[in-house]
Amino acid sequence: MSFPLLTAVAAVPAVGAIATAALPAAKRTAAKWLALVFSLLTFALALVVAFRFDPGAKGPFQLTESHAWISDFGVRYELGVDGIAVALIALTTLLIPFIILAGWHDADPLEEATPNRRWRPTQGFFALILAVEAMVVLSFEATDVFLFYIFFEAMLIPMYFLIGGFGDRAGGDGEDRAASRRSYAAVKFLLYNLAGGLIMLAAVIGLYAVTADQLGTGTFSLQQIVEARAAGKLDIGTGTERLLFLGFFFAFAVKAPLWPLHTWLPGAMGESTAPVAVLITAVVDKVGTFAMLRFCLQLFPEASSWATPAILVLALISVLYGALLAVAQRDIKRLIAYASISHFGFIILGIFAMTSQGQSGATLYMVNHGISTAALMLVAGFLISRRGSRLIADYGGVQKVAPVLAGTFLIGGLATLSLPGLAPFVSEFLVLVGTFSRYPVIGIIATLGIVLAALYVLVLYQRTMTGPVKAEVRSMPDLRVRELLVVAPLVALLLFLGVYPKPLTDLVNPAVGHTLSVVDKKDPKPTVQVDAGPGGGRAGQAVQDQDREAAK
């Protein structure tokens, strides 16, 4: 029996969470180092997965594990990865050590323990982060629909406590009001995502009933269902398939988040500490867009094509709506949250454009958005912790007193607006090209999101970093060594993947090709005007007709 590598990648942070939580209350420093060690070990195992994965191998999944679990109901412990999952597992395990380092003091006890100021359990904070990591990794690995659902929902519990119990202390309204805002944001996050999960559960049960009726034995295995459909053994009725698709898609759209199901995100990110905000948008939310590719498109190909026009419109609204509200924000963290809504709109646009460029770009966007948002939000968190305020108006002239902080903030912002030469540009360009080739009007309108991104990023930088130095920031220190250890690798990755994205594209393209083959979609071929010369008009028209047929 081969070593269960995929199980190990998820088990290490789970064990780390238990070990960290079990440390005595006085061992706060030991808890931090223990969590960091377990996160680095998890990243090392993820690198082993990446090196063992062969993008050119046949079959949709590699490094598979399959064991009977609840046999009476067709539930199996099935894991497997394709190139998309490998890329997102690498992203997740890469970011967690930086999140832990950035939040090194976020759960330290307050200096004074009063009735309104409680001591913060450091061990619990870092244990919850590792628990989220374990569940997210298992969500990327699961090829059994029911197994995926369990971890898709279970990650909500540690996230709820991270948002509500370890929120931002820079609101400026006092501890009582800050705690009330945190509680509201945490409950809203939980209720929205639980509602989506319950609707998905009904669809999961419906899918099992359909397979049991037509295959004789119910199954939740993604690969078995896809193969049965390809062989003609499973024929889900059109109406049933569309209802099941909507049940899955609703849950993933809440998690993504897609307009109009996005309203929980600004509050959750705004009231969280900066590292937890990164955990939400750069790690947890990626499960939603990943699941659209793995489950919505592959389980329900006909329904995916049927719903594509409506989903593209919603994605386009997300792109423009998120960008417009980001322009209007006065709160730094909420501005980054609305920018993320716009970026997730681009990701969903690329997924449902149903082209290889669009889906490859969407996958790259998930990775690059995670890196760029982590860089921008973590530097913003360092800035906010120094001044004690999230309001843009409370800053000015920071670049004169903290030039390294201002410089890294600028690089994170330029990556957010997809400046050429930085990693997000490649993915955004592919998404727009892939969308334009099949839906030119939507592709053209979506480019307005780029213009708005330049506006909100540059205005944010101008108002916080340039101009006269405000009295409150005159003594602001520059980035410390620990903070540089967090930011510098992220900046290096943004530069490297901006000029050389080939390792990522080689990894994800075969998986994208498999997904498109399951949905039975091919890239549209451009129509070419052929000048056939005198008497050749019919031949030229015939070529154009052939091109149109190929495009269809």
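Reckoned from all heavy atoms, side chains included, excluding hydrogens, waters and symmetry mates.
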Using a 3.5 Å distance criterion without hydrogens, assess whether the side chain of K255 forms a donor-acceptor pair with backbone atoms of F152. yes
ring-ring contact (aromatic ring centres under 6.0 Å, His included) evaluation trace for F220 with Y149: CA-CA 11 Å; F220 293 104; Y149 172 78; 9.8 Å; no
Shortest non-hydrogen contact between A339 and A326, atoms and distance: N-CB, 4.1 Å
Between the side chain of E241 and the main-chain N/O of E302, is any donor-acceptor distance below 3.5 Å? yes
Y365-E428 side chain donor-acceptor pair, cut-off 3.5 Å: yes
For the pair H262 and Y321, evaluate ring-ring contact (aromatic ring centres under 6.0 Å, His included) and give the outcome as yes or no after the intermediate values. CA-CA 11 Å; H262 67 284; Y321 174 86; 5.0 Å; yes
Test item: V49 and L63 side chains (from C-beta on) under 4.5 Å apart, heavy atoms: yes
If you count every heavy atom of other residues, nucleotides or ligands that lies below 6.0 Å from R242 atom CZ, does the total exceed 12? yes
Point-to-point distance, once rounded to the nearest 0.5 Å, from OG of S342 to CG of L320: 7.0 Å
Does the side chain of Y461 come within less than 4.5 Å of T466's, by heavy atoms? yes
Tell me if a side-chain donor or acceptor on W264 pairs with a main-chain N or O of L191 at a distance below 3.5 Å. no
Modelled atom types, side-chain donor and acceptor of T281 and S340, under 3.5 Å: yes
Counting only heavy atoms not in F146 (residues, nucleotides, ligands), do more than 12 fall under 6.0 Å from its CZ? no
Do F436 and T447 pass the side-chain contact (heavy atoms from CB on, under 4.5 Å) test, and can you show the C-alpha distance, the side-chain angles, and the key distance before you say yes or no? CA-CA 10 Å; F436 181 83; T447 57; over 6 Å; no
Note: F290 and S139 closest approach over all heavy atoms is CE2-O, 3.8 Å
Using a distance-only test with no angle check, is there a side-chain donor-acceptor pair under 3.5 angstrom linking Y192 and T263? yes
Would you mind reporting whether L364 and T505 have side-chain heavy atoms less than 4.5 Å apart? yes
Main chain of A142, side chain of E78: is a donor-acceptor contact present, judged purely on distance under 3.5 Å? no
For residues F248 and L299, determine if any side-chain heavy atom of one lies less than 4.5 Å from a side-chain heavy atom of the other. yes
Is it true that a side-chain atom of R390 and a backbone atom of G270 form a donor plus acceptor pair closer than 3.5 Å? yes
Check this for me: does any side-chain nitrogen of one of E227 and K233 sit under 4.0 Å from a carboxylate oxygen of the other? no
Just wondering, are more than 12 heavy atoms of other shown residues or ligands nearer than 6.0 Å to CZ in F429? no
Less than 4.0 Å between a side-chain N and a carboxylate O, is that true for D235 and R229? no
Do Y160 and L156 come close enough that some side-chain heavy atom pair is under 4.5 Å? no
Quick one: does V459's side chain get under 4.5 Å of V327's, heavy atoms only? no
CD1/I332 to CD1/I384 distance, rounded to the nearest 0.5 angstrom? 4.5 Å
Interatomic spacing from OG1 in T219 to OH in Y208 - rounded to 0.5 Å: 8.5 Å
How long is the span from the CD1 atom in I445 to the CD1 atom in I317, to the nearest 0.5 Å? 10.5 Å
Step by step, would you call M159 with L190 a side-chain contact (heavy atoms from CB on, under 4.5 Å)? CA-CA 9 Å; M159 284 305 312; L190 187 64; over 6 Å; no
What I'd like to find out is whether the side chain of L378 reaches to under 4.5 Å of the side chain of L490, using heavy atoms alone. yes
Does any donor atom in the side chain of S360 or N509 lie under 3.5 Å from an acceptor atom in the other side chain? yes
When you check the gap from the basic side-chain N to the acidic O, do K188 and E271 get nearer than 4.0 Å? no
For M292 and I351, which heavy atoms make the closest approach, and how far apart are they? CB-CD1, 4.4 Å
Looking at every heavy atom in both L432 and G443, which two are closest together, and how far apart are they? CD2-O, 3.9 Å
Could you pull out the closest heavy-atom pair between P260 and L314, with the gap in Å? CD-CD2, 4.5 Å
Tightest non-hydrogen contact, residues L297 and S304, listed as CA-OG, 3.5 Å
Determine whether a donor-acceptor pair (N or O, by modelled atom type, separation under 3.5 Å) exists between the side chain of S272 and the backbone of A277. no
Validation row, ring centre H369 to ring centre F346 under 6.0 Å: no
Hey, does the side chain of D82 reach the backbone of F61 with a donor-acceptor pair shorter than 3.5 angstrom? no
Donor-acceptor pair, side chain of R52 and main chain of Q62, under 3.5 angstrom: no
Run the numbers on L207 and I236 for side-chain contact (heavy atoms from CB on, under 4.5 Å), then give the verdict. CA-CA 9 Å; L207 179 65; I236 305 176; 4.3 Å; yes
Do Q357 and T435 have side-chain heavy atoms sitting under 4.5 Å apart? no
When you measure from the side chain of R438 to the backbone of T355, do you find a donor-acceptor pair of N or O atoms at a distance under 3.5 Å? no
Show your reasoning for whether side-chain contact (heavy atoms from CB on, under 4.5 Å) applies to L410 and M465. CA-CA 9 Å; L410 178 61; M465 301 296 166; over 6 Å; no
If you measure from CZ on F250 to CE on M200, what distance do you get to the nearest 0.5 Å? 13.0 Å
Spacing of CG belonging to D285 relative to CD1 belonging to I347, to within rounding of 0.5 Å: 9.5 Å
